[in-house]
Amino acid sequence: MPVNAYVASTMLDRPDVALPLLATLTSRYTAEFAVRPFVEAHYEVTMDQLRAWTTDPDEHVRRLVSEGTRPRLPWASQLSRFVSDPAPALALLEPLVNDESLYVRRSVANHLNDISKDHPDLVLVTARRWLRGSTQGDFVVRHGLRTLVKRGHPEALAVLGFDHHAPIEITDLACSPSTISIGEATTVTFTLHATGATRAAIDYIVHYQGVRGPKAGKVFKLTARDLPAGQAVPFSRRHRFESLSVRTIHPGPHRIEVQANGRVLGAAEVHITAAETSQGPA
């Protein structure tokens with residue numbers, strides 16, 4: 001918000017005044033962007049203040065501790081010191097894992113997910129410890145490992161109870177209709193078969209067609225399901241190919257893969273054509 005940006009730009013040399021002011025403002029105008037310049041310019045002073053805020057009675061202030069120190073906060077400049085070494089920021093999260101506020105715990109999970117992009121091993125160690133020793137660790141860990149799970153990381157899947165190597169097979173994978181126009185949808189259907197009873201995290205991956213060929217896959221969460229031994233379990237998901245602010249749909253073949261417990265089991269293709277334009281009178 002402009003008022004927080006004003007504090008960060010005009011009071012950077014007065015952290016003793018600016019930081020308490022941001023704590024007051026953050027319940028009205030969230031201050032995670034404004035606090036970051038103080039982390040860079042006055043590291044020790046700001047870290048002392050952040051540690052004190054972990055026990056603040058206001059959930060917005062406690063959330064500011066986690067959200068303001070995320071190394072890769074979206075739409076903000078990276079905190080390079082925490083990208084390189086997240087340990088000091090991770091220490092700030094320890095008192096917040098069991099916070100009574102879901103608002104705070106969700107921020108902790110998002111922070112953990114940020115760290116996982118650069119330090120997956122550290123995050124896995126932390127996740128196991130939080131699952132063992134905290135009352136709210138299940139939600140934080142499940143949400144915090146989502147990027148590693150989408151990437152099919154075997155150890156992250158194991159932490160959440162999914163066996164990367166479980167024998168699961170796929171049949172009847174299809175996209176219907178297989179040819180659609182931009183803006184229309186196709187339905188992906190398939191059947192999974194597990195040799196033994198298996199807990200499965202099931203996703204599908206879309207390789208959108210780009211200007212210069214297929215792009216890297218975008219993972220979409222489908223479901224987590226217990227697969228009974230020896231039984232066929234059908235699945236379906238409708239997926240619309242429409243252009244968004246973050247994605248432009250191009251004509252051509254688009255590959256859709258199905259992934260279970262981090263392993264790609266099969267793929268199908270849907271062909272996208274240019275959307276028809278209405279013709280005016282001749």
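Considering only heavy atoms from C-beta on, Ile256 stays 4.5 Å or farther from Ile205 through its side chain. Using a 4.5 Å cut-off on side-chain heavy atoms (C-beta onward), Arg146 and Arg151 make no contact. Side-chain atoms of Leu19 and Thr46, non-hydrogen and from C-beta on, do get closer than 4.5 Å to each other. Looking at heavy atoms from C-beta onward, Arg36 lies in side-chain contact with Leu73 at the 4.5 angstrom threshold. In this structure, the side chains of Val39 and Phe82 come closer than 4.5 Å at one or more pairs of heavy atoms. No side-chain heavy atom of Ile180 sits less than 4.5 Å from a side-chain heavy atom of His271. The closest side-chain heavy-atom distance from Leu173 to Leu265 is not below 4.5 Å. Within the 4.5 Å cutoff, the side chain of Phe38 has no heavy atoms near those of the Val45 side chain.
With hydrogens and angles ignored, the 3.5 Å screen pairs a side-chain donor or acceptor of Ser243 with a backbone N or O of Ile249. Within the 3.5 Å criterion, the main-chain N or O of Glu59 finds no donor-acceptor partner in the side chain of Ser101. Arg105 places a side-chain N or O within 3.5 Å of a backbone atom of Asp99 that can act as its donor or acceptor partner. A distance-only check finds a donor-acceptor pair linking the side chain of Asn261 to the backbone of Asp163 [under 3.5 Å]. Judged by distance alone, the side chain of His111 and the main-chain N or O of Ser66 form a donor-acceptor pair under 3.5 Å. Under a 3.5 Å cut-off, the side chain of Asp172 and the backbone N or O of Phe190 do not form any donor-acceptor pair. Judged by distance alone, the side chain of His254 and the main-chain N or O of Val270 form no donor-acceptor pair under 3.5 Å. No donor-acceptor pair closer than 3.5 Å links the side chain of Thr198 to the backbone N or O of Thr195. For the pair Asn98 (side chain) and Gln136 (backbone), a donor-acceptor distance under 3.5 Å is present. Under a 3.5 Å cut-off, the side chain of Thr69 and the backbone N or O of Val65 do form a donor-acceptor pair.
Scanning all heavy atoms of the two residues, the minimum distance from Thr189 to Ser236 falls at CG2-CB, 3.7 Å. Closest of all the heavy-atom pairs between Cys175 and Ala268 is SG-CB, 3.9 Å. Minimum interatomic distance between Ser176 and Thr186 (heavy atoms only, all atoms of both residues): N-OG1, 3.2 Å. The shortest non-hydrogen separation linking Thr30 to Asn4 is O-ND2, 3.2 Å. In terms of heavy-atom proximity, Val123 sits nearest to Leu112 at CG2-O, 3.7 Å. Taking each heavy atom of Val35 and Gly68 in turn, the nearest pair found is CG1-CA, 3.7 Å.
In this view, Asp58 and Ser27, Asp56, His60, Val61 satisfy the side chain to side chain contact (heavy atoms under 4.5 Å, CB included) rule, not counting sequence neighbours.
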Next item on the list: Let me see the working for Glu184 and Glu242 under side chain to side chain contact (heavy atoms under 4.5 Å, CB included), right down to the final yes or no.
Entry: CA-CA 7 Å; Glu184 295 181 338; Glu242 58 184 346; over 6 Å; no
Next item on the list: Could you check Asp138 against Arg142 for salt bridge (Lys or Arg N to Asp or Glu O under 4.0 Å), going step by step and ending with a plain yes or no?
Entry: CA-CA 6 Å; Asp138 181 68; Arg142 187 173 66 253; 2.7 Å; yes
Next item on the list: Report the C-alpha separation of Leu222 and Val258 in whole Å, then their side-chain angles, then the decisive distance to 0.1 Å, and conclude whether the side chain to side chain contact (heavy atoms under 4.5 Å, CB included) test is met.
Entry: CA-CA 10 Å; Leu222 184 58; Val258 173; over 6 Å; no
Margin query: Before you tell me yes or no, could you show the steps for Tyr43 and Asp48 under side chain to side chain contact (heavy atoms under 4.5 Å, CB included), namely the whole-Å CA-CA distance, both residues' side-chain angles and the distance that decides it to 0.1 Å?
Written below: CA-CA 9 Å; Tyr43 178 72; Asp48 286 344; over 6 Å; no
Check: Please walk me through it: do His207 and Lys215 pass side chain to side chain contact (heavy atoms under 4.5 Å, CB included)?
Finding: CA-CA 5 Å; His207 295 264; Lys215 297 182 178 181; over 6 Å; no
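Checked by atom type, the side-chain pair His193/Thr171 shows a donor-acceptor distance below 3.5 Å. For Ser181 and Thr273, the side-chain atoms include at least one donor-acceptor pair closer than 3.5 Å. Under the 3.5 Å distance criterion, with hydrogens and angles disregarded, a donor-acceptor pair is assigned to the side chains of Asn110 and His143.
The NZ atom of Lys117 sits 5.0 Å away from atom OG1 of Thr147, with the distance rounded to the nearest 0.5 Å. Expressed to the nearest 0.5 Å, how far CZ of Arg63 lies from OG1 of Thr26 amounts to 7.5 Å. The line from CG of Asp121 to OG of Ser116 is 11.0 Å long, rounded to the nearest 0.5 Å. For the atom pair Leu157 CG and Leu145 CG, the distance stands at 9.0 Å (nearest 0.5 Å). Atoms NE2 and OG1, on His250 and Thr248 in that order, are 5.0 Å from each other to the nearest 0.5 Å. Of the inter-residue distances, the one linking Arg237 atom CZ with Phe235 atom CZ reads 11.0 Å to the nearest 0.5 angstrom.
Screening Gln259, Glu257, His239 against Tyr204 for a side chain to side chain donor-acceptor pair (under 3.5 Å) leaves a single residue, His239.
Under a hydrophobic-cluster definition in which Ile, Leu, Val, Met, Phe, Trp and Tyr are linked whenever side-chain heavy atoms come within less than 4.5 Å, directly or via other members, Phe162 and Val219 are assigned to different clusters. Leu93 and Leu124 end up in the same hydrophobic cluster when Ile, Leu, Val, Met, Phe, Trp and Tyr side chains are linked at under 4.5 Å. Two different hydrophobic clusters hold Ile202 and Val264 under the rule that ILVMFWY side chains link at heavy-atom gaps under 4.5 Å. Hydrophobic clustering (side-chain heavy atoms under 4.5 Å, transitive across Ile, Leu, Val, Met, Phe, Trp, Tyr) groups Leu12 together with Leu25. Hydrophobic clustering, with ILVMFWY side chains joined whenever heavy atoms are under 4.5 angstrom apart, keeps Val83 apart from Phe33.
For CD of Glu269, the number of neighbouring non-hydrogen atoms (other residues, nucleotides, ligands) closer than 6.0 Å is greater than 12. At most 12 non-hydrogen atoms from other residues, nucleotides or ligands lie less than 6.0 angstrom from NZ of Lys218.
Note on Arg62 versus Glu67: no salt bridge recorded, every NZ/NE/NH1/NH2 to OD/OE distance being 4.0 Å or above. Electrostatic pairing of Asp226 and Arg199 counts as a salt bridge here, judged by a charged N lying under 4.0 Å from a carboxylate O.
Taking the six-membered ring where the residue is Trp, the centroids of Phe241 and Tyr208 are separated by under 6.0 Å.
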